[in-house]
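Worksheet for the structure shown next.
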Amino acid sequence: GVITADGGSVELGHNVRREYFAQHQLEVLHPGRTVLKTMEEVAGPAGRMVETRSFLGTFLFGEDDVTKLVGVLSGGEKARLALARMLMDPAGLLLLDEPTNHLDMNSREVLTEALRQFEGSVVFISHDRHLINAIGTKVIEVRDGKLTHYPGDWEYYQWKKAQEAAPAASAESAPAGAPPAAATSAAPEAPTSPALAAEAAAVSPTVAAPAATATGVSGASRSKVATARTVELGYKERKELSSRYRKIEKRIMAAEQRQTELAALMSDPSHGSDYEKLLAASEEAAALADEISNLYEEWSQVADALGTTAD
């Protein structure tokens with residue numbers, strides 16, 4: 001509704017209300033209002049005060065944060081607030097443009113879980129492959145002015161693109177005059193995608209429309225390497241790697257959270273004379289630093305195997 005369609009028509013279901021989250025929408029928030037007041041505008045009756053504070057807590061706004069003016073918030077905090085406003089009283093159709101931009105890892109997890117629980121429909125554009133695979137049940141690729149619909153999650157989309165690329169890769173590598181290789185020799189049957197049914201139950205329906213660049217690697221030579229690597233992975237292998245990728249992310253988040261807690265403990269003057277506690281905290285912090293370094297290395301390797309960027 002921001003601009004008029006060049007052609008065709010847009011028809012919404014009966015009483016369907018839509019809300020649009022754009023990257024520039026953060027500028028719409030009133031800088032002179034507090035976080036709590038900004039939420040109360042969409043919360044409705046005053047009796048929802050407790051629910052409003054609880055909802056803000058879910059989006060990582062603590063007791064001290066709700067009285068802050070919007071004008072002093074960081075870009076990530078403004079993004080969280082705008083998304084919290086949208087989901088406090090959600091429309092049946094959410095249109096999200098790069099909703100995880102400016103968000104740190106913890107905030108991304110909060111948003112992902114909130115969208116998992118949302119019972120309406122979501123159309124979102126994102127380069128965040130983790131978000132796409134977590135909530136998307138359909139992928140629409142926009143390339144060269146055309147829309148291609150893939151009725152599955154991000155992993156299904158990657159698998160399908162690999163199958164489409166395999167015959168072309170075989171034809172390129174075949175010697176001149178040789179007959180084309182049979183497409184059935186390397187490609188397994190398309191999966192019935194039980195994961196799709198599970199995702200559909202959580203968010204029904206959700207459509208992700210990643211930019212065309214999300215599926216490739218810039219540079220002709222790197223693109224061929226990425227395509228060849230993707231072809232080698234079957235649908236099941238990609239799902240297993242993706243699951244491992246998310247588990248490593250969660251371990252990194254937990255380790256970094258513990259690292260923050262230890263730093264606070266060691267800098268607390270009340271523990272200044274408790275040498276045993278400080279020594280134990282220091283040793284644990286050193287071990288955590290090594291663990292986090294190893295986890296990031298493993299995370300990067302899995303991301304590389306998936307043909308993604310660890311963003």
Side-chain angles (χ1 to χ4, degrees), residues 15-23 25-124 126 128 130-131 134-136 198-199 201-204 206 246 249-261 263-265:
N15 287 336
V16 170
R17 182 168 59 92
R18 57 185 168 177
E19 289 191 27
Y20 172 47
F21 175 84
Q23 296 181 54
Q25 187 174 346
L26 309 185
E27 301 168 8
V28 178
L29 298 174
H30 197 296
R33 293 197 178 99
T34 64
V35 169
L36 186 59
K37 182 64 177 177
T38 301
M39 283 295 290
E40 287 175 348
E41 293 172 349
V42 296
R48 298 186 71 186
M49 176 69 76
V50 174
E51 183 183 350
T52 302
R53 284 179 174 270
S54 175
F55 202 77
L56 280 169
T58 300
F59 277 82
L60 308 179
F61 288 102
E63 286 296 321
D64 295 334
D65 298 320
V66 299
T67 56
K68 287 182 180 179
L69 294 178
V70 170
V72 304
L73 299 179
S74 67
E77 288 172 326
K78 287 179 182 177
R80 275 192 276 124
L81 180 59
L83 290 163
R85 273 173 57 93
M86 180 177 287
L87 292 170
M88 181 73 188
D89 182 26
L93 173 61
L94 301 182
L95 307 167
L96 310 179
D97 181 7
E98 296 284 3
T100 57
N101 270 14
H102 308 295
L103 298 185
D104 57 26
M105 193 174 287
N106 285 326
S107 301
R108 289 183 182 195
E109 289 297 323
V110 168
L111 173 62
T112 300
E113 186 56 34
L115 292 176
R116 277 183 182 275
Q117 296 180 21
F118 177 59
E119 296 180 354
S121 299
V122 181
V123 179
F124 67 104
S126 181
D128 186 336
H130 174 66
L131 178 70
I135 68 170
E199 294 285 358
V203 185
S204 176
T206 304
R246 290 192 290 270
E249 276 189 340
K250 290 179 179 179
R251 288 173 61 193
I252 291 173
M253 289 170 58
E256 289 181 340
Q257 176 62 33
R258 179 56 181 163
Q259 204 173 41
T260 302
E261 294 170 359
L265 184 152

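Numbers for residues simply follow the sequence, beginning at 1. Please read these numbers as outputs of a predicted model, since none were measured by experiment.
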- Message: My understanding is that only residues two or more places apart in sequence, or in another chain, count here; which of them pass side-chain hydrogen bond (donor to acceptor under 3.5 Å, both in side chains) with R246?
- Response: S242

- Message: Is any side-chain heavy atom of L29 closer than 4.5 Å to one of K78?
- Response: yes

- Give, for atom CG of L111 and atom CG of L96, the distance between the pair rounded to the nearest 0.5 Å. 7.5 Å

- Less than 4.5 Å apart, any side-chain heavy atom of F21 and any of L94? no

- Message: Taking ring pair (Phe, Tyr, Trp, His ring centres under 6.0 Å) as the cut-off, I'd like each qualifying pair that reaches into residues 57-77, sequence neighbours left out, listed once.
- Response: F55-F59

What pairs of donor and acceptor atoms, side-chain ones from residues 66-75 against any protein atom, are under 3.5 angstrom apart with sequence neighbours left out?
unit_1: T67; atom_1: OG1; unit_2: D64; atom_2: O; d: 3.4
unit_1: K68; atom_1: NZ; unit_2: D65; atom_2: OD1; d: 3.3
unit_1: S74; atom_1: OG; unit_2: E77; atom_2: N; d: 3.2
unit_1: S74; atom_1: OG; unit_2: E77; atom_2: OE1; d: 3.4

- Task: Report yes if the side chains of H130 and R108 come closer than 4.5 Å at any heavy-atom pair, otherwise no.
- Result: no

- Note on the structure: Nearest heavy-atom contact between A22 and D97 is CA-CB, 4.2 Å

- Item | Side-chain (R85) to main-chain (T38) donor-acceptor, under 3.5 angstrom | yes

- For Q259, side-chain hydrogen bond (donor to acceptor under 3.5 Å, both in side chains) partners two or more places apart: none

- D104 meets the side-chain hydrogen bond (donor to acceptor under 3.5 Å, both in side chains) criterion, sequence neighbours left out, with S107

- Could you list the residues that satisfy side-chain hydrogen bond (donor to acceptor under 3.5 Å, both in side chains) with T112, not counting sequence neighbours? none

- Message: Contact between I135 and F124 at the side-chain level, heavy atoms closer than 4.5 Å - yes or no?
- Response: yes

- Sequence neighbours left out, what passes salt bridge (Lys or Arg N to Asp or Glu O under 4.0 Å) with E113? Give chain and number order. none

- Note on the structure: The complete set of ring pair (Phe, Tyr, Trp, His ring centres under 6.0 Å) pairs with one or both residues in residues 62-98, sequence neighbours excluded, reads none

- Hey, could you give me each pair passing side-chain hydrogen bond (donor to acceptor under 3.5 Å, both in side chains) that has a residue in residues 52-62? Not counting sequence neighbours. R53-E63

- Message: Under a 3.5 Å distance rule, please check whether T100 uses its side chain to pair with a backbone N or O of L103 as donor and acceptor.
- Response: no

- Separation between CG of L87 and CG of L115, rounded to the nearest 0.5 Å: 6.0 Å

- Task: First locate atom CD of E256, then atom CD1 of I252, and finally report the distance between them rounded to the nearest 0.5 Å.
- Result: 6.5 Å

- Message: List the residues meeting salt bridge (Lys or Arg N to Asp or Glu O under 4.0 Å) with R33, not counting sequence neighbours, and say none if there are none.
- Response: E41

- Query: Can you list the residues that meet the salt bridge (Lys or Arg N to Asp or Glu O under 4.0 Å) rule with E19, with sequence neighbours excluded?
  - Reply: R17

- What is the distance from atom CZ of R80 to atom CG of L56, rounded to the nearest 0.5 Å? 10.0 Å

